[in-house]
Amino acid sequence: MPDSPFSRRVLRVVARIPRGRVVAYGDVAALAGRPGAARAVGQVMRRAAIPGLPYHRVVAAGGLLGGFGRWPHVKAQLLAAEGLTIRRGRIAGFGNHRWQP
DNA sequence: AGTTTGACAGCAC
DNA sequence: TGTGCTGCCAAAC
């Protein structure tokens, strides 16, 4: 488990995303105390790869799916399993399913 | 210590 | 609507 302060905050935020809700990388960055560090958030999660964390609930801006390592389709699958509708790589009604603490 | 690397974001075409 | 380019940031080399 990554030990840098930033990494811990990012992972902590991701851990508390409720089931069936999603957030943008940029939002996670802001919640982690580093607005604008959206790209770094993805970097941290990719490297951390901690089992049990709902990484699939973190999407790109505008409800785009964004990346998910080598298995982008799994991300869509997991989100669909939580009741979300994915259409052409985007989350339908992103604004409604978006998580805000 | 400087450079490269991405699970990004926003804007210009 | 879709593609491309630029700016950004933390971590790995």
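Lettering follows sequence order; numbering is per chain, from 1.
- Nucleic acid contact for A/Arg57: none, since no nucleic acid atom lies under 4.0 Å from a heavy atom of the residue.
- Across all strands, A/Ala29 comes closer than 4.0 Å to no nucleic acid atom at all (heavy-atom distances).
- Across the protein-nucleic acid pair, A/Arg39 atom CZ and C/dT6 atom C1' stand 10 Å apart, rounded to whole Å.
- Here CZ of A/Arg19 is found 10.5 Å from CG of A/Leu79. Values are rounded to the nearest 0.5 Å.
- Linking Ile, Leu, Val, Met, Phe, Trp and Tyr residues whenever their side-chain heavy atoms come within less than 4.5 Å leaves A/Val22 and A/Leu64 in two separate clusters.
- Here A/Ile91 contributes atom CD1 and A/Asn96 contributes atom CG; the two are 11.5 Å apart, rounded to the nearest 0.5 Å.
- When rounded to the nearest whole Å, the span between OH of A/Tyr25 and C1' of B/dA9 equals 13 Å.
- As rounded to whole Å, 15 Å separates atom P of B/dC8 from atom OH of A/Tyr55.
- Look at CG on A/Leu64: it is 15 Å from C1' on C/dG4, rounded to the nearest Å.
- When the C1' atom of C/dA10 is taken as reference, atom CG of A/Leu11 falls 13 Å away, rounded to whole Å.
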Let's go through A/Ile50 and A/Tyr55 carefully: what are the C-alpha distance in whole Å and the side-chain angles of both, what is the deciding distance for side-chain contact (heavy atoms from CB on, under 4.5 Å) to 0.1 Å, and is it a yes or a no? CA-CA 9 Å; A/Ile50 301 188; A/Tyr55 290 122; 3.5 Å; yes

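- DNA chain C is contacted by both A/Arg47 and A/Ala37; A/Ala37 maps to the nucleotide lying nearer its 5′ end (nearest heavy atom per residue).
- A continuous path of ILVMFWY side-chain contacts below 4.5 Å connects A/Val23 to A/Leu78, so both sit in one hydrophobic cluster.
- Distance A/Lys75 NZ to B/dA7 P: 11 Å, rounded to the nearest Å.
- Mapped onto DNA chain C by nearest heavy atom, A/Arg90 and A/Pro35 fall at different nucleotides, with A/Arg90 at the one closer to the 5' end.
- At the heavy-atom level, A/Arg46 lies under 4.0 Å from base atoms of the strands shown.
- When the C1' atom of C/dT1 is taken as reference, atom CZ of A/Arg88 falls 10 Å away, rounded to whole Å.
- A/Ala40 comes within 4.0 angstrom of a base, heavy atoms only.
- Relative to the side chain of A/Gln43, the nucleotides B/dT5, B/dA7, B/dA9 differ in distance, and B/dT5 lies closest.
- The CE-P distance, from A/Met45 to C/dC9, rounds to 18 Å in whole Å.
- Taking side-chain N and O atoms only, A/Ser4 has no distance below 4.0 Å to OP1 or OP2 of C/dA10.
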